[in-house]
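Sequence positions, counted from 1, serve as the residue numbers for this chain. Values reported hereafter were calculated over all heavy atoms of this structure, with side chains retained and with hydrogens, waters and symmetry mates removed.
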Amino acid sequence: FARYYTPVVVFLSLAVAILPPLLIPDQTSELWIYRALVLLVISCPCGLVISIPLGYFGGVGGAAKRGILVKGSTFLDALTDVRTVIFDKTGTLTEGVFQVTQIAPYNGYSETEVLTTAAIAESQSNHPVARSIVEAYDNEIGASDITLTNSDVTDYEEIPGHGIRAKVRGIEVFAGNDRLLHKANIDHDTCNVEGTVVHLAIDGKYAGYILIADKIKSDAAIAIAQLKKAGVTETVMLTGDNRVVARNVADKLGLDTYKAELLPEDKVDAIEQYLHKSDKKSKVAFVGDGINDAPVIARADVGMAMGALGSDAAIETADVVLMDDAPSKVAEAINIARKTHSIVWQNIILAMAVKALFILLGAIGIATLWEAVFADVGVALLAIFNASRVLKVN
């Protein structure tokens, strides 16, 4: 802006000071030099230089007061054009607080053996599903059985999008989804189970499964409704969970579409498809919380992470962090961004219109230095007061 604005104003002032005395009879140099100085004072872009950054700072500050951390004005601008919002499921639309609701042993194993072995294997993981199994063990068996220790588990390996493999007291154990069993060539006849399920294989033999329930967040349905009200045309859910669970959640929340049984790399491919089909004026936002979501958060036009229970990797990668993990904050962030954008443009139009008017009045001798001071300082103050309104976005 300054590259073009400053030379134009300076040379225009020089022209006002020099040309009229040369071209118009009976004109004094003092008069036109005075008018040129008035023009320079009027054209000083204080209103723009102060109010535009202040508008964005107000937007960032107003969002922060509501528990939404925006990492810069660039992302406020990007939020104004969001038309597609994609959610992770676990920990984003749901509480991520799992509880074991059923233990189904197979091939001669007991419920106690299935739960104990799964808890020992999962004790090394920080995943919410793993923690729920360990908690169920502690509540039902742990008080009367031995305490889980790191020495019980060796050769521990997490397989992203599948589950874990480990040796529990020297015996190889697989605990994860149905894809893990197929990957490990474990014979089983229980593929389609309604709900979040952890299958267990002990020493190459299918031992059963553990059914786990998750709870949808109280404001998740409200969040989807608010997004549609804000002009978001498509709401999507991407999850590694099975299709039955994904469909139930999508139906309850009123999501436009969902994709289930996805690996982390599948989520990246999915968001690439949405980015490819969106036009230049429409942005795609992704909201997630886990370490597996970090690549998708990074790839989205606007990456958003849950700040309370979200992983460090997701929070570090995100452009926007929702500190109280409420999905409804997504629509609020978009509304704040649009209000900020509107106020910034109001200030631009106000400053340029007033300055253009007073530059014309100054050039023909109607505006004096007093009017010049108003056009400079007065417009700057008006723009600052207008920018402060963004702090009170509802």
Please report, to 0.1 Å, the donor-acceptor pairs under 3.5 Å made by any side chain of residues 218-231, with sequence neighbours excluded.
{"unit_1": "Asp219", "atom_1": "OD2", "unit_2": "Ser328", "atom_2": "N", "d": "3.2"}
{"unit_1": "Asp219", "atom_1": "OD2", "unit_2": "Ser328", "atom_2": "OG", "d": "2.6"}
{"unit_1": "Lys228", "atom_1": "NZ", "unit_2": "Gly254", "atom_2": "O", "d": "2.8"}

>> I'd like to know whether CD of Gln99 has more than 12 heavy-atom contacts from other residues, nucleotides or ligands below 6.0 angstrom.
In response: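 Result for CD/Gln99: open.
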>> Taking Asp279 first and then Arg83, would you say they form a salt bridge - that is, a charged N and a carboxylate O separated by under 4.0 Å?
In response: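 No, this pair does not count.
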> Is Glu95 salt-bridged to Lys215, going by a charged N under 4.0 Å from an acidic O?
Replying inline: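 Between Lys215 and Glu95 there is no salt bridge, as every charged N stays at least 4.0 Å from the carboxylate O atoms.
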>> By the definition side-chain contact (heavy atoms from CB on, under 4.5 Å), identify the one residue from Leu79, Ile334, Val82, Thr84 that meets it with Lys283.
In response: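 For Lys283, the side-chain contact (heavy atoms from CB on, under 4.5 Å) test succeeds with only one of Leu79, Ile334, Val82, Thr84, which is Val82.
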>> Set out, in order, the CA-CA distance, both residues' side-chain angles and the distance that settles side chain to side chain donor-acceptor pair (under 3.5 Å) for Glu111 and Tyr109, then state yes or no.
In response: CA-CA 7 Å; Glu111 290 187 10; Tyr109 288 95; over 6 Å; no
> Looking at side-chain heavy atoms only, is the closest gap between Ile159 and Ile164 below 4.5 Å?
Replying inline: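 They are not in side-chain contact.
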> Taking side chain as C-beta onward, heavy atoms only, is Lys259 less than 4.5 Å from Asp266?
Replying inline: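 Lys259 vs Asp266: side chains apart.
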> By the rule that ILVMFWY residues connect when side-chain heavy atoms come within less than 4.5 angstrom, directly or transitively, which residues belong alongside Ile86?
Replying inline: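 Once heavy-atom contacts under 4.5 Å are chained together, Ile86 belongs with Val236, Leu238, Leu262, Val268, Ile271, Tyr274, Leu275, Val284, Phe286, Val296, Ile297.
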Sidechain-backbone polar pair: [X] side chain, [Y] backbone, donor-acceptor under 3.5 Å:
X      : Y      : value
His199 : Val197 : no
Thr92  : Lys89  : no
Thr101 : Leu211 : yes

